[in-house]
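Worth knowing before you read on, the calculation uses all heavy atoms, side chains too, and leaves out hydrogens, waters and symmetry mates. Residue numbers start at 1 and run along the sequence shown. Every number for a ligand or one of its atoms is a count from 1 in the order of the listing.
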Amino acid sequence: MKKIGILTSGGDAPGMNAAIRAVTRTALKNGMTVMGVRRGYNGLINGDMVALEIRSVSDIIQRGGTILYTARCDEFRFEEGLQKAKATCIREGIEGLVVIGGDGSFRGAGDLSARGIPCIALPGTIDNDIAMTDYTIGYDTAMNTAMALIDKLRDTTQSHDRCSVVEVMGRHAGHIAVNTGIACGATHIIAEEVPFTVDDVIERIQSTQTTGKHHFIIVVSEGIGNSQEIAKKIEQATGVESRATILGHVQRGGAPTVRDRVVASHMGHYAVELLVNGYSNRVVGMRNGNMVDFDIKEALAMKKSFENDLYRIAMDISF
Ligand code: F6P
């Protein structure tokens, strides 16, 4: 293989740049040339790409976001888009592709692999919602960002004897919620994976009030929504002044943590080795600290389990 492409797709995640750097440098070391494809699969369809040299990826390991830009690409879900992308690869001499993104991006990588362009996918999403891997690039940084913000929120919540209902990201997965919830000592954590009623939350607040608690942090996973509504109901039932805070996209930014830089570097290196060894249609992950790879379709069919034990521990110790 003489030339490969790399792209980032879907929502950005801190550590994507570290992965781009690792892929580029590993490929160069193996005597390949590397094209950085811009704005996800759109760049492949439109031929929007730039050659990446050794120094093109200098000074990016510490930067959040992605130097290649990212996007979600509807056109790539259809045959016409896939054929345009394949034609670009053939025209540019791109013989293999590394795709960094979430499960939507994996589907595209599988479809393109099936059309003769070998693709390797890396899990890059703050949500950690991909079943075949214990860890997705960006997850640790996003959680640390959310934790730092919730700590700040606690200062004002405590000063005013209030209740803060904090919504964290995660799409339909509650991993960020349960981990930041436990790390911030939240009074209650609401995640889609655990059945709940607002009455349960109110009851818990009231029971902690009897032991002298005056301020409350309730962490809510994005998929639940309704943070304002939950805050209103808590205020009505308990008399505790309540505010809802949606942390939002700030959780996706910032310098990646050590963990994200290291995992992204490891995964990027591993992805190129797979291409060098003739693999296609694989997604890279990390299980029990080791790199693993799976067929993309198989990986997409897996179901992610939830940290029920961690949730129970949070409920046992934060009151
Ligand atoms: O998948 C990452 C994520 O940040 C989710 O947590 C969130 O639901 C979604 O992306 C937001 O997407 P957008 O950037 O399109 O608003």
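D127 contributes no side-chain N or O that, together with a main-chain N or O of D129, makes up a donor-acceptor pair within less than 3.5 Å.
With ligand atoms numbered from 1 in the order given, ligand 1 contributes 4 (O), 6 (O) to contacts under 4.0 Å with heavy atoms of M169. Within ligand 1, the atoms closer than 4.0 Å to a non-hydrogen atom of E222 are 5 (C), 6 (O), 7 (C), 8 (O), numbered from 1 in the order shown. Counting the atoms of ligand 1 from 1 in the order shown, those under 4.0 Å from a heavy atom of T125 are 1 (O).
Considering only non-hydrogen protein atoms, atom 16 (O) of ligand 1 sits nearest to H249 NE2, 2.9 Å. For atom 11 (C) of ligand 1, the nearest protein heavy atom (residue, atom name, distance) is R252 NH1, 3.6 Å. Taking atom 9 (C) of ligand 1 as the reference point, the nearest protein heavy-atom neighbour is R171 NH2, 3.7 Å.
Using a 30° and 60° split on the angle between ring planes, F306 and Y311 fall in the tilted class, from 30° to 60°.
Seen from the ring of Y69, R39 counts as a face-on cation partner, given the 6.0 Å and 45° thresholds. Geometric assessment of R162 against the ring of F216 yields a negative cation-pi assignment under the 6.0 Å and 45° thresholds.
By the 6.0 Å contact criterion, CD on E79 is enclosed, its count of non-hydrogen atoms from other residues, nucleotides or ligands being greater than 12. Around the CD atom of E241, the shell of radius 6.0 Å holds more than 12 heavy atoms that belong to other residues, nucleotides or ligands.
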So D48 and R38, salt bridge (Lys or Arg N to Asp or Glu O under 4.0 Å) or not? Walk me through it. CA-CA 6 Å; D48 182 10; R38 294 196 189 97; 2.7 Å; yes

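Looking at R72 against ligand 1, only its side chain comes within 4.0 Å, counting heavy atoms.
Nearest to atom 1 (O) of ligand 1 by heavy-atom distance, out of T70, D129, D127, is D127.
Q251 does not count as a contact of ligand 1, since none of its heavy atoms falls under 4.0 Å from the ligand.
On a distance-only criterion, G170 and ligand 1 share at least one N/O pair closer than 3.5 Å.
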